[in-house]
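A quick write-up on the structure given underneath.
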Amino acid sequence: MKSNWNSIKLFALIVSISALYAFSDHRNQARKINGISVQFEGEDNLYITNSMVNKLLIQNYGVLKNLPKEKLVLNTIEKVIEANDMVKSAQVYLTVDGELISKISQRQPIGRIEGDQKFYLDEQGKKMPLSNNYSARVPIITGKITGKSLEDAYVILDYINEDEFLRKNVIGIHIEEEGSYQLKFRMENFVVNLGNISDLKQKFNNFKAFYTKAAKDKTLENYDIVSLEFNNQVVCTKI
């Protein structure tokens, strides 16, 4: 008899816990969104703004505030935000108190193409449209724009961004033709003939050694062209 009574109590306990869980889950799903927050990760340069994200959500879902939680599919919202050309990735989640948080990582341009078409080249080497909200201060790419020359330009920009001296001083890449690239520096009048993208480390090490000595000798303004095209040497043309 005692055993039966214990079984009844255990069954009643299980039923009570199940009912409580179901009630809690139903109440949680019925909870409404009481606020929306858009947070941008990384740099403060906003190629897409808070209001643009909110407008994007309204266009796809209507007004989200006071919408029951059960009507939202967070993965779908993430994909909608990530479909924007300025967005690299998005993470969307709901807080315990019902606030919808969108954490957004923006694409970052590393070069700007100035040709028949104008666009950025982003950190992954992909085309990125210009933004009406912010103009990035990145090297300008001019000349014969082709698929191959842009691939090479990306390799050059990627190297430049890893070097503090080059990142601060290189303001432009001119494409004479595929495999022939020139660099423009911020404070100098000369151009640097880089040639192709082979042996970039050696070429730039040679250039920095030349630059350091010429700056010390105060002769930088004497040069019109600095060529790094030849093996392990810097060849200069004076004005």
(message) On a heavy-atom basis, which atom in Ile48 and which in Gln106 lie closest, and how many Å separate them?
(response) N-OE1, 3.2 Å
(message) Enumerate the ring pair (Phe, Tyr, Trp, His ring centres under 6.0 Å) contacts for residues 145-178, please, sequence neighbours excluded, ordered by first and then second residue.
(response) Tyr159-Phe204, Phe165-Tyr211
(request) Can you run down the salt bridge (charged side-chain N to carboxylate O under 4.0 Å, His left out) pairs that involve residues 118-128, sequence neighbours left out, and say none if there aren't any? (result) Lys88-Glu123, Arg107-Asp122, Glu114-Lys118
(message) Looking only at the side chains, is there a donor atom on one of Ser180 and Glu176 sitting less than 3.5 Å from an acceptor on the other?
(response) yes
(request) Using the side-chain hydrogen bond (donor to acceptor under 3.5 Å, both in side chains) rule, take Thr219 and Asp217 through it: C-alpha gap first, then chi angles, then the decisive distance, then the call. (result) CA-CA 5 Å; Thr219 59; Asp217 295 340; 5.0 Å; no
(message) Is there a path of hydrophobic side-chain contacts, each under 4.5 Å between heavy atoms, that joins Tyr134 and Phe119?
(response) no
(message) In this structure, would Val73 and Leu94 fall into the same cluster of hydrophobic residues linked by side-chain contacts under 4.5 Å?
(response) no
(message) Counting C-beta onward and ignoring hydrogens, is there a side-chain heavy-atom pair between Val226 and Val191 closer than 4.5 Å?
(response) no
(request) State yes or no: do Val80 and Leu74 share one hydrophobic cluster built from I, L, V, M, F, W and Y residues joined by side-chain heavy-atom distances below 4.5 Å, directly or via other members? (result) yes
(message) For Lys148, is the NZ atom crowded, meaning more than 12 foreign heavy atoms sit under 6.0 Å from it?
(response) yes
(request) State, without any angle test, whether Asn196 and Lys203 hold a side-chain donor-acceptor pair at a distance under 3.5 Å. (result) yes
(request) For residues Phe185 and Ile171, determine if any side-chain heavy atom of one lies less than 4.5 Å from a side-chain heavy atom of the other. (result) no
(request) Mark yes when over 12 heavy atoms from residues, nucleotides or ligands other than Asn189 sit less than 6.0 Å from its CG; otherwise mark no. (result) no
(request) Identify the heavy atoms of Asp85 and Pro129 that sit nearest to each other, and give their distance. (result) CB-CG, 3.5 Å
(message) Within this structure, what is the NZ-CD1 distance for the pair Lys103 and Ile81, rounded to the nearest 0.5 Å?
(response) 13.5 Å
(request) Quick one: pull up OG in Ser149 and CD in Glu178 and give me the separation to the nearest 0.5 Å. (result) 5.5 Å
(message) Do Tyr181 and Asp152 pair up side chain to side chain, a donor and an acceptor below 3.5 Å, judged on atom types alone?
(response) yes
(message) Quick one, Val138 and Leu121 - any side-chain contact, counting heavy atoms below 4.5 Å?
(response) no
(request) Spell out, yes or no, whether Ile110 and Tyr47 are grouped together once hydrophobic residues are joined by side-chain heavy atoms under 4.5 Å, including indirect joins. (result) no
(request) Give a yes or no on this: more than 12 heavy atoms of other residues, nucleotides or ligands lie within 6.0 Å of atom CD of Glu221. (result) yes
(message) To the closest 0.5 Å, what do you measure between OH (Tyr93) and CG (Leu100)?
(response) 10.0 Å
(request) Return yes if some donor-acceptor pair links the side-chain N/O of Asn60 with the main-chain N/O of Leu56 below 3.5 Å, else return no. (result) yes
(message) Quick check against the 3.5 Å criterion: does Asn222 have a side-chain atom that pairs as donor or acceptor with the backbone of Lys238?
(response) no
(message) Working to the nearest 0.5 angstrom, can you tell me the gap between Met86 CE and Asn132 CG?
(response) 7.5 Å
(message) Test your reading of the model: is there a side-chain donor-acceptor pair from Lys168 to the backbone of Arg186, 3.5 Å cut-off?
(response) no
(message) So which atom in Pro139 and which in Val170 form the shortest heavy-atom distance, rounded to 0.1 Å?
(response) CG-O, 3.7 Å
(message) Just so I know, are the side chains of Phe207 and Leu228 near enough to count as touching, which here means a heavy-atom distance under 4.5 Å?
(response) yes
(message) Within the 4.5 Å heavy-atom criterion, are Ile140 and Lys184 side-chain neighbours or not?
(response) no
(message) If you define the side chain from C-beta out and look only at heavy atoms, does anything of Val155 sit under 4.5 Å from Leu200?
(response) yes
(message) Quick check for you: to the nearest 0.5 Å, what is the distance between Asn205 atom CG and Asn232 atom CG?
(response) 10.0 Å
(request) Kindly compute the distance separating CE (Met128) from OH (Tyr120), expressed to the nearest 0.5 Å. (result) 7.0 Å
(message) If I compare all heavy atoms of Phe190 with all of Leu220, which pair ends up nearest, and what's the gap?
(response) CD2-O, 3.7 Å
(message) Does Gln59, at its CD atom, have more than 12 non-hydrogen atoms belonging to other residues, nucleotides or ligands within less than 6.0 Å?
(response) yes
(message) For Ile104, is there any backbone N or O sitting under 3.5 Å from a side-chain donor or acceptor partner on Glu41?
(response) no
(message) Any non-hydrogen side-chain atom of Ile173 less than 4.5 Å from a side-chain atom of Leu194?
(response) no
(message) Within the structure provided, determine whether Leu130 and Arg112 are in side-chain contact (heavy-atom separation under 4.5 Å).
(response) yes
